[in-house]
Amino acid sequence: MHRDHGETFPERHTYSAADPVRPGAASKDRKGSRGGAQRSGRRRALRIGLGGPVGSGKTATVAALCRALRDELSLAVVTNDIYTREDAEFLLREAVVPAERITAVETGACPHTAIRDDISANLEAVEDLEETAGPLDLVLVESGGDNLTATFSKGLVDAQIFVIDTAGGDDIPRKGGPGVTTADLLVVNKTDLAPYVGSDLAGMARDAKAQRGELPVAFTSLTTDDGIKPVADWVRERLADWSAGPA
């Protein structure tokens, strides 16, 4: 369940495509923030989900994105773990964004359940962040570690990043699965480890292309200073498209 709230959730939650416009507020109209965040009654924050197997580097990717984008955007993070707040606590220790912009959901079940099947706790967490820390430009929703079938409900996020890593085996792109084949961006992380684990980066790129067609793939090494750049640039492009959409 969402750690900071009760076990019953408001009826406002929906499982269809999330409304891009925030409900109007008669009593308050928050001022715009860096990056042009919407006022109440106008376009809400872009929501991007990050999924992938355990240990692929999802939380490190979220942390790196926050560091890369926090000076130009107003952003917040929702993490998911089965029984703990481990990922949220890591982000808090790293101080990637102010503490009030990080919240944790304890799923109590398989991670895909809370991001695809019953999104109510995550949706409440996202909406609460927009109410208490907004206006926001971007909300990152990190799934707990899952398998290659993990996908996010369109009622929860607007775009999905799926993170795999070279240490998990260079056959992962070839094996496919909805996470690999349908995510808006596939990230192959830990390229610095490829020589040590015998992973063929060129082969992974070919297999990813075969599985994904024209959908983009980014190769990252978060141990380098600018290793997150291809992912951060992709997020900026998605945000530009989102902001240009009808209010």
Asker: Is the side chain of D171 donor-acceptor paired with the backbone N or O of R174 at a distance under 3.5 Å, no angle test?
Answerer: no
Asker: Could you tell me whether a side-chain N or O of Q211 sits under 3.5 Å from a main-chain N or O of V180, the two making a donor and an acceptor?
Answerer: no
Asker: Return yes if some donor-acceptor pair links the side-chain N/O of D137 with the main-chain N/O of L73 below 3.5 Å, else return no.
Answerer: no
Asker: Have a look at N189 and tell me which of T166, D165, T220 forms a side chain to side chain donor-acceptor pair (under 3.5 Å) with it.
Answerer: T220
Asker: Here's a test for you: under side chain to side chain contact (heavy atoms under 4.5 Å, CB included), which of L140, L136, L138 qualifies with L46?
Answerer: L138
Asker: Hey, does the side chain of Q160 reach the backbone of T182 with a donor-acceptor pair shorter than 3.5 angstrom?
Answerer: no
Asker: T59 and E142: side-chain donor and acceptor closer than 3.5 Å?
Answerer: yes
Asker: Indicate yes or no: at least one non-hydrogen side-chain atom of I228 is less than 4.5 angstrom from one of L222.
Answerer: yes
Asker: Short question: side chain of S56, backbone of G52 - any donor-acceptor pair under 3.5 Å?
Answerer: no
Asker: Can you tell me if D207 uses its side chain to pair, donor with acceptor, with the backbone of P173 under 3.5 Å?
Answerer: no
Asker: Checking D81 side chain against D87 main chain: does a donor-acceptor pair fall under 3.5 Å?
Answerer: yes
Asker: Could you list the residues that satisfy salt bridge (charged side-chain N to carboxylate O under 4.0 Å, His left out) with R236, not counting sequence neighbours?
Answerer: E72, D233
Asker: Any sub-3.5 Å donor-acceptor pair from R70's side-chain atoms to V96's backbone N or O?
Answerer: yes
Asker: Determine yes or no for a side-chain-to-main-chain donor-acceptor pair under 3.5 angstrom, with R101 supplying the side chain and L129 the backbone.
Answerer: no
Asker: Identify the heavy atoms of A68 and A232 that sit nearest to each other, and give their distance.
Answerer: CB-CB, 4.2 Å
Asker: Consider only side-chain N and O atoms of D192 and S221, and report whether a donor and an acceptor are under 3.5 Å apart.
Answerer: yes
Asker: Tell me if a side-chain donor or acceptor on K58 pairs with a main-chain N or O of P53 at a distance below 3.5 Å.
Answerer: yes
Asker: Please identify which of these residues, R44, R47, R238, meets the salt bridge (charged side-chain N to carboxylate O under 4.0 Å, His left out) condition with D158.
Answerer: R44
